[in-house]
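None of these values were measured; they are calculated from a predicted model.
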Amino acid sequence: MQRSTVGSVLAKPAVVGRRAREEAVFAAACARAGLLRGKSPAALKAVGEAYVKLGPLGAIFTMSVEADAGRAAAIDDRGTTTFGELDARANAIANAWRDMGLRAGDGVGLMLRNHAGFLEVLFACVKTGAKAILLNTAFSGPQLADVAAREGTRLLVFDDEFREATEHVDAPLGRFRAWTDDPDDASEGTIALLRTGDHRAPAPPERHMSLILLTSGTTGTPKGAARPQPKSLSPFGGPLARIPLRKREVTALPAPIFHATGLIHTLIAVGLADTLILRRRFDPEQTLRDMEEYRATSLIVVPVMLRRLLDAYDKGGRREDLSSLRVIFAAGSQLGGALATRTLDTLGPVLYNLYGSTEVAMATIASPEELRQAPDSVGSPVPGTRVRILDANGHDVAPGETGRIFVGTAMPFQGYTGGGTKPLVDGLMASGDVGHFDEHGLLTIDGRDDDMIVSGGENVFPGELEELLAGHPKISEAAVIGVDDDEFGQRLCAYVVLEEDATLTEDDVRAYAKDNLARYKVPRDVHFLSELPRNPTGKVLKRELVARRQEA
């Protein structure tokens, strides 16, 4: 016992020293990007006071409002909203909610598509200290009601199209539509009505705003992941240390804001006083036109969006001028080597690919150079992040060997709101995936740790076959599941989406797999689909493929 205590005492200074070095790296990255840009004494005072009263999110918002009130914060389907207008509207909404009885820590459910109203409501939550619950726009009515009740939703904000889906959500403090078909609708029950109220900053809340992010629910009921406001610069400094985002630029954001990828880039853009281009529905042709018209320097997408954008770019008859584009940031689901190479070949060295999850946050980011070197990889660890590959006994595996991925960050996950957490080893959390490091220290994801099947005594991960099939010139995308087999225990079943006007037979697919993989990795069953079932962040819903298989 004494040895353990002494070890803990000796380890603490080392941990503190490491954290101090990491924060210095984050601060330097933020300063280089312009997030910590110089201010007048009065502005610095306002930002400092906002940090104390509202937390880091309030501080980065105040920083841009103080310095760039007249600059466009968002361009959406209805026009332009400046940072000053955004601040005034968030104040009015916050004051109205306070009058209705909303208190710090109360849950506010947000079921919204991408538009300026999302930002208004999000920062109204910051100003009231509310718990912002970011709801997935694909939730069904019963699923939404269950999740909202579990997370303690006291007030609900939704777009008009979700009126029916949200009708069974209990929101005792009120229900408000943030988007209606009529842009001038300021009737009872709309955010537009609240915007007309008191635009003065509300009194500071008793505690800082927090966030509830929901897992994707690709394998079951979505879980809530509680995230307090960070006490570290890591959510900003980590990505900014690897990605050349800069102040006062333009970011096209088709990725949904309710997802971690969209949210963190929304907050980074706000801190940098960047202009966000937001559209309620993703349309690849519209996104390309927006990027050309507004000279977008960065694009934030999930991989399926990126593929559709490249298809539109190649087939549009003319190519939009994307010469201003310096960064394409892809996350949310597996990118794949074929899509990575296609993007780099088409648009140049602008692609960055993040691997992470709701629970572990950011694990690795692949740079354009790393993707050229190893297109299938997800790159190297983000500064301040530790990634280890462990075997079943918790020991590190050698480069090239597959094991479970464990991640440690400066902003650890605090557990699911419904109870429980992910497995931990030496302070690092299981990501739920398996993978391997190559000889250059680049991480490759081999699959989900619960996706592995045993076929004829051999361990098989569907991801390897999926990656191979996606690289076929006639195949747009593929998903692979394991199914029961009387002879081998389990076998692979492939679902394939062909490129437009392409033709392949089941035997063609099997022959291609046989030419490139071991015999036991060749799919016995091949099915052709017009599209794969996906959630709004682009992840394939394999449970729907399993259900389809069972019903057949």
What distance do His115 atom NE2 and Glu120 atom CD have between them, rounded to the nearest 0.5 Å? 9.0 Å
Among residues two or more places apart or on two chains, list those pairs meeting ring-ring contact (aromatic ring centres under 6.0 Å, His included) that have a residue in residues 316-344. His265-Phe329
Taking only residues two or more places apart in sequence, or in another chain, which ones meet Glu292 in a side-chain hydrogen bond (donor to acceptor under 3.5 Å, both in side chains)? Arg318
Per the side chain to side chain contact (heavy atoms under 4.5 Å, CB included) rule, which among Ile133, Leu110, Leu135, Val108 passes with Leu156? Leu135
For Arg195 and Ala88, indicate whether the former's side chain and the latter's backbone hold a donor-acceptor pair under 3.5 Å. no
Have a look at Arg177 and tell me which of Asp185, Thr166, Leu112, Ile191 forms a side chain to side chain contact (heavy atoms under 4.5 Å, CB included) with it. Asp185
Applying the side chain to side chain contact (heavy atoms under 4.5 Å, CB included) test to Arg113, which of Trp179, Phe282, Phe162 qualifies? Phe162
Please tell me if the side chains of Val497 and Ile475 come closer than 4.5 Å, counting only heavy atoms from C-beta onward. no
Quick one: ring-ring contact (aromatic ring centres under 6.0 Å, His included) pairs with a partner in residues 291-320, sequence neighbours left out? none
Relative to Trp97, does Arg154 satisfy both conditions: NZ or CZ under 6.0 angstrom from the six-membered ring centre, and within 45 degrees of the ring's axis? no
Side-chain contact test, heavy atoms from C-beta onward, threshold under 4.5 Å: evaluate it for Arg89 versus Thr81 and give yes or no. yes
Can you list every pair that meets side chain to side chain donor-acceptor pair (under 3.5 Å) and has a residue in residues 47-63, with sequence neighbours left out? Lys45-Glu49
Might you work through the salt bridge (Lys or Arg N to Asp or Glu O under 4.0 Å) test for Arg280 and Asp76, ending with a clear yes or no? CA-CA 8 Å; Arg280 295 188 66 251; Asp76 66 10; over 6 Å; no
Do Leu306 and Leu339 have side chains that approach each other closer than 4.5 Å (heavy atoms only, starting at C-beta)? yes
Listing request: all salt bridge (Lys or Arg N to Asp or Glu O under 4.0 Å) pairs with a residue in residues 252-279, at least two apart in sequence or in separate chains. Asp77-Arg279, Arg279-Asp290
Say whether, by atom type as modelled, one donor and one acceptor occur between the side chain of Thr128 and the main chain of Ala94 under 3.5 angstrom. no
Heavy-atom check, side chain of Leu54 versus side chain of Met209, under 4.5 Å: no
Is the closest side-chain heavy-atom distance between Thr251 and Ile277 below 4.5 Å? no
Can you list every pair that meets ring-ring contact (aromatic ring centres under 6.0 Å, His included) and has a residue in residues 351-383, with sequence neighbours left out? none
Please check if the side chain of Asp87 supplies one atom and the backbone of Phe83 the other of a donor-acceptor pair under 3.5 Å. no
Does atom CZ (Arg295) have a neighbourhood of more than 12 heavy atoms from anything else shown, all under 6.0 Å? yes
Within the 4.5 Å heavy-atom criterion, are Glu249 and Leu272 side-chain neighbours or not? no
